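Just so we're clear, the structure is a prediction, and the values are computed from it rather than from any experiment. Quick note: numbers below take in every heavy atom, side chains included, and nothing from hydrogens, waters or symmetry partners.
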Amino acid sequence: MMPLQLLALMAAGCLHINVEAWSASLPIASKSALTTSMSLHSTIQTDEATSASPSSATSSDVVTSRKKTWFPVHPADALSPSNDYNSIVKSAYLRHVLVASEEMVDLIMDVYLKGGSLPGKEENSYGQTQGDVFTRLAKDVSLCLNSREDGGKIGWVDSPFYQENVSDSLDKTNSVVSAMISPEVIERVFQERVKGGDVIKLPAADGDGWHLIRVDDLHIQLQPSSISGAGSKNIIYKKRKKLKGGGNVPLSPIFQKVDDGVINTGIENDDKQSKTIYSVPNAKYYKILTSGCQMNVADSERIMGALEGELGLKSLDSLDDAKYEGVDPTLIASPKSAKNPTPDILLLNTCTIRDHAEQKVYDALGPYAALKRSGKPLAIVVAGCVAQQEGEALIRRFPEIDLVLGPQYVPWLAELLVEVGKGSQLCMTENMIWSEKSGLVDRDSTRDKDGDWMVPIKRGHSTRAWVNVIYGCNEHCTYCVVPGVRGVEQSRSMEAILQECLQLAASGYKEVTLLGQNIDAYGRDMSPRRTFANLLHYLNDNLPPDTISRIRYVTSHPRYFSDRVIDAVANLDKVCECFHMPFQAGDDQVLKGMRRGYSYDSYMNIIRKIRAKAPDASICGDVIVGFPGESEEAFQRTLDLMEEVKFDNLNTFTYSPRPNTEAADWDNQIPPEVQSERLQRVQALAVTHALERSQRYLGRVVEVLVEDRNPKNGDEVMGRTRQGRQVFFPGNVDELKGEYAMVKIVEARTWSLVGEIVDNAK
């Protein structure tokens with residue numbers, strides 16, 4: 001009997017196996033996943049190094065004390081009472097597998113978590129690139145005849161707890177799927193406060209079988225009654241005050257969201273709003289200015305995708321001189337600068353990781369705020385980490401701003417801009433649950449079809465792409481502002497990540513970089529829990545051959561880094577041999593003060609394991625010098641660690657106090673001149689090590705993925721090795737861009753290599 005036939009018989013209750021005995025040998029699914037494994041808890045982080053700041057601190061002592069801090073693991077637990085789960089989650093997109101017994105649903109869960117392997121089968125039973133394992137399981141073993149042939153698809157079901165659903169329309173809406181899932185089971189699903197990627201098991205309402213239910217996505221409905229109110233950080237002003245310096249009412253162009261040719265009028269129609277406020281021409285052009293890390297760059301790609309794909313706007317930066325001739329004269333900043341038109345919407349995607357970040361935003365806003373005060377219809381949006389950090393304070397300082405957009409609200413940008421076009425001023429910084437498609441489709445119109453996985457994305461490169469896998473951070477390091485501005489950790493489902501990668505592969509991309517503030521925490525907020533190593537194996541196994549053949553990732557955290565990730569990098573053919581492992585400091589007391597959760601020795605244990613299993617891998621890192629209380633002796637330990645590791649690349653920073661962080665209030669700050677001197681010493685040593693690491697390539701033939709033309713030499717192209725080292729060599733970019741080339745290295749530089757092409761690799 002074939003394995004799938006066996007599984008189908010077991011699903012129907014005709015055969016039984018010892019599930020407990022088999023599951024004990026599973027390498028991925030833990031015993032907790034064999035039980036219900038659906039309930040998520042808050043985890044307690046206990047660290048003797050958690051810091052305090054008594055006034056008696058001296059400049060040579062890092063102040064520490066014992067403290068316990070609870071972090072919500074489930075994103076729903078981070079929502080505020082004014083913006084809770086039931087007030088924002090309208091519906092969920094579900095798939096299911098219906099089987100005869102709880103024993104069988106546990107087995108199906110573990111087969112799914114193992115990527116399709118059946119009892120007694122070492123290899124993947126479905127093989128690679130044969131589609132979503134869950135949908136395959138539904139087709140092969142589900143007892144639900146109404147959904148089985150469609151891969152277990154139930155579709156959108158409405159929450160009985162969402163206020164606007166509590167009506168006769170709820171029964172009408174959910175009755176469409178009643179033959180597949182009962183109202184009682186739907187109610188249980190929403191009681192679990194599920195998120196996209198969660199998989200839960202529930203008994204059928206009639207007691208005849210068990211459902212294994214996967215949540216593909218949530219529909220987050222933005223309504224003023226649910227996103228703003230007493231105690232909420234979300235604010236919507238429907239009536240704008242006149243601006244100082246001219247007495248003009250702030251004007252914004254109209255934004256129209258088009259879905260299949262139908263205009264989406266936004267969050268809520270408001271016929272009482274003054275037509276004077278928004279009776280201006282439709283928006284046509286945008287300008288976006290981005291600062292900060294890779295996460296901000298990826299967010300800007302999504303923002304540009306929404307502006308172009310959902311609102312039909314064009315980037316001013318894409319206009320050439322010829323196109324400027326057709327630009328509306330009212331867009332021109334001044335008659336003397338015809339080649340510098342001003343946009344209909346300016347969006348600043350901001351970073352707050354370094355000092356003076358807020359002032360840089362204010363400086364950039366100044367000229368555009370003046371334009372708006374003069375009466376020009378212009379939408380001004382401040383997004384990113386400064387937006388989240390400052391919130392309504394930005395509007396108070398610059399009333400010309402139309403929208404303050406926290407990073408968690410990027411999927412809803414188009415809807416929010418429609419409101420801006422109607423005259424509203426909004427501040428959106430309250431905690432939110434991530435959704436893949438919230439900005440793209442009308443949920444009620446997609447009940448019987450899948451739709452796209454995500455909002456459109458305008459990529460910044462044609463060969464390599466960023467792919468977000470987890471948002472937020474739960475670590476609360478004492479120096480870092482990220483948890484306060486990026487929110488709690490929220491992992492995307494493996495299926496959504498794979499779908500994005502498959503779309504990239506179909507478009508000819510060869511490399512993806514997986515992004516996360518703390519990528520090793522991937523999956524710990526999901527039900528059941530997954531790991532980052534699980535994700536690497538899943539992508540490596542399911543990306544088709546001869547498409548994307550390089551997978552990179554950033555950023556790891558030594559506290560959570562596992563041997564499984566090292567094994568994945570060493571053994572999986574598509575995962576590049578490159579580790580980004582920030583160590584921040586070499587002294588144990590400084591690390592305790594930072595609340596990093598590891599020591600010099602534990603960090604070096606990781607490095608030794610990497611060198612043993614992936615000896616040619618590159619190791620990159622981040623370091624902060626001049627942290628409060630860092631003595632000269634403590635700083636020397638940082639230099640010692642650098643000497644022992646010899647990083648291929650090291651990002652170096654001086655400590656700067658950031659708003660709402662513990663260390664910013666300590667009395668033992670290091671003088672700037674001491675910080676500067678230490679930074680110079682660290683950078684000098686980093687240069688020495690980088691050159692040494694480059695020299696190991698001399699004479700070797702390496703595979704290079706060609707990315708672009710060398711901007712300093714038009715006869716050369718540039719690309720990167722699998723380890724991430726930049727390589728320059730003679731070549732025609734039109735012929736080689738996006739291709740692999742075998743290159744012999746003839747010169748080693750500090751941060752790059754020079755080579756000669758030997759042959760195309762593929």
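Between atom OG1 of residue T463 and atom CD of residue E707 there is a gap of 7.0 Å, rounded to the nearest 0.5 Å. From N542, atom CG reaches atom CG of L502 across 8.0 Å, with rounding to the nearest 0.5 Å. Here the straight-line distance linking atom CD1 of I108 with atom CG of L212 works out to 7.5 Å at 0.5 Å rounding. The distance from atom CZ of R611 to atom CD1 of I566, rounded to the nearest 0.5 Å, is 11.5 Å. Residue E716 holds its CD atom at 9.5 Å from CZ of F729, rounded to the nearest 0.5 Å. Annotation: the span from D563 atom CG to N605 atom CG amounts to 10.0 Å, rounded to 0.5 Å.
Classification of R749 and E747 as a salt-bridged pair holds, one side-chain N sitting under 4.0 Å from a carboxylate O. Using a 4.0 Å cut-off between a side-chain N of Lys or Arg and a carboxylate O of Asp or Glu, R696 and D616 qualify as a salt bridge. Between E577 and R722 there is a salt bridge, since a side-chain N of the basic residue sits under 4.0 Å from a carboxylate O of the acidic one. Using a cut-off of 4.0 Å between Lys/Arg side-chain N and Asp/Glu carboxylate O, E475 and R596 are scored as not salt-bridged. Look at E308 and K458 and you find a salt bridge, because one of the NZ, NE, NH1 or NH2 atoms lies within 4.0 Å of a carboxylate O, short of that distance. Using a 4.0 Å cut-off between charged nitrogen and carboxylate oxygen, E500 and R302 count as a salt-bridge pair. No salt bridge links D601 with R608; every basic N to acidic carboxylate O contact stays at or beyond 4.0 Å. Checked for salt-bridge contact, R148 and D140 miss the test: no charged N lies under 4.0 Å from a carboxylate O. Classification of E495 and R214 as a salt-bridged pair holds, one side-chain N sitting under 4.0 Å from a carboxylate O. A salt bridge links E703 with R550: the distance from a Lys NZ or Arg NE/NH1/NH2 to an Asp or Glu carboxylate oxygen falls below 4.0 Å. Using a 4.0 Å cut-off between a side-chain N of Lys or Arg and a carboxylate O of Asp or Glu, E436 and R492 qualify as a salt bridge.
Judged by the 6.0 Å and 45° rule, R530 forms no cation-pi pair with Y538.
Looking at N713, its side chain never comes within 3.5 Å of a backbone N or O of N710 through a donor-acceptor pair. In this structure, the side chain of D525 engages the main chain of S491 through a donor-acceptor pair within 3.5 Å. In terms of modelled atom types and a separation under 3.5 Å, the side chain of E489 and the main chain of N474 share a donor-acceptor contact. The main-chain N or O of K139 is never found under 3.5 Å from a side-chain atom of S142 such that the two would form a donor-acceptor pair. Between the side chain of K574 and the backbone N or O of N540 there is at least one donor-acceptor pair closer than 3.5 Å. Of the possible donor and acceptor atoms, one in the side chain of E301 sits under 3.5 Å from a partner among the backbone N and O of G460. Within the 3.5 Å criterion, the main-chain N or O of S527 finds a donor-acceptor partner in the side chain of D198. Although no hydrogens or angles enter the test, the distance criterion places a donor-acceptor pair under 3.5 Å between the side chain of S507 and the main chain of Q503.
Residues S694 and L753 come closest through the heavy atom pair O-CD2, 3.6 Å. Taking each heavy atom of V485 and C385 in turn, the nearest pair found is CG1-O, 3.5 Å. G621 and F647 make their closest contact through N-CD2, 3.8 Å (heavy atoms, listed as atom of the first residue, atom of the second, distance). Of all non-hydrogen atoms in V727 and G755, the two that sit nearest each other are CG1-N, 4.4 Å. Across all non-hydrogen atoms, the minimal contact from C473 to V482 is CB-CG1, 4.1 Å. When all heavy atoms of A741 and I757 are compared, the pair lying nearest together is CB-CD1, 3.9 Å.
Using cut-offs of 30° and 60° for the angle between ring planes, the F583 and Y603 rings count as tilted. Ring geometry for Y112 against F134 counts as perpendicular: the plane angle is over 60°, on a 0 to 90° scale with 30° as the lower cut.
No side-chain heavy atom of I470 sits under 4.5 Å from any side-chain heavy atom of N518. Looking at heavy atoms from C-beta onward, P711 lies in side-chain contact with M718 at the 4.5 angstrom threshold. With contacts defined as side-chain heavy-atom distances shorter than 4.5 Å, the pair V717/D708 does not qualify. V554 places none of its side-chain heavy atoms less than 4.5 Å from the side chain of F579. Two residues are said to be in side-chain contact when any heavy atoms from C-beta on lie closer than 4.5 Å; E756 and I745 fail this criterion. A 4.5 Å side-chain heavy-atom check between V199 and I213 finds every atom pair outside the cut-off. With a 4.5 Å cut-off on side-chain heavy atoms, L650 and V623 count as touching.
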Note to self: Could you go through V702 and Q723, starting from their C-alpha distance and side-chain angles, then the distance that decides it, and tell me whether this counts as side chain to side chain contact (heavy atoms under 4.5 Å, CB included)?
What the structure shows: CA-CA 10 Å; V702 296; Q723 294 81 7; 5.9 Å; no

Check: For I607 and I619, what are the C-alpha separation, side-chain angles and deciding distance, and is it a side chain to side chain contact (heavy atoms under 4.5 Å, CB included)?
Finding: CA-CA 8 Å; I607 301 301; I619 300 178; 4.0 Å; yes

Check: side-chain hydrogen bond (donor to acceptor under 3.5 Å, both in side chains) between H689 and E643: does it pass, once the steps are laid out?
Finding: CA-CA 8 Å; H689 292 159; E643 288 283 13; 3.2 Å; yes

Check: When you look at H96 and S147, which way does the side-chain hydrogen bond (donor to acceptor under 3.5 Å, both in side chains) test go after all the steps?
Finding: CA-CA 8 Å; H96 80 143; S147 66; 2.9 Å; yes

Next item on the list: For the pair H580 and D622, evaluate side-chain hydrogen bond (donor to acceptor under 3.5 Å, both in side chains) and give the outcome as yes or no after the intermediate values.
Entry: CA-CA 8 Å; H580 185 202; D622 299 347; 3.0 Å; yes

Next item on the list: Apply side chain to side chain contact (heavy atoms under 4.5 Å, CB included) to the pair M295 and R486, showing each step before the final yes or no.
Entry: CA-CA 10 Å; M295 298 290 287; R486 283 285 175 177; 3.8 Å; yes

Note to self: side-chain hydrogen bond (donor to acceptor under 3.5 Å, both in side chains), that's the test. Do D299 and N349 meet it? Break it down for me.
What the structure shows: CA-CA 8 Å; D299 283 348; N349 193 9; 5.1 Å; no

Margin query: L514 vs L536, test: side chain to side chain contact (heavy atoms under 4.5 Å, CB included). Steps then yes/no.
Written below: CA-CA 10 Å; L514 310 180; L536 290 176; 4.1 Å; yes

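Listed by chain and residue number, K613 satisfy the side-chain hydrogen bond (donor to acceptor under 3.5 Å, both in side chains) test with D567 (two or more places apart in sequence, or in another chain). Scored by the side-chain hydrogen bond (donor to acceptor under 3.5 Å, both in side chains) test, S602 finds S599 as partners (sequence neighbours excluded).
A salt bridge (Lys or Arg N to Asp or Glu O under 4.0 Å) with E511 is found for one member of R552, R720, R464 and no other, namely R552.
Donor-acceptor pairing under 3.5 Å is lacking for the side chains of N296 and T290. In the model, H219 has no side-chain atom that pairs as donor or acceptor with a side-chain atom of S435 under 3.5 Å.
In summary, the aromatic rings of Y560 and F532 are positioned with their centroids too far apart to meet the 6.0 Å limit.
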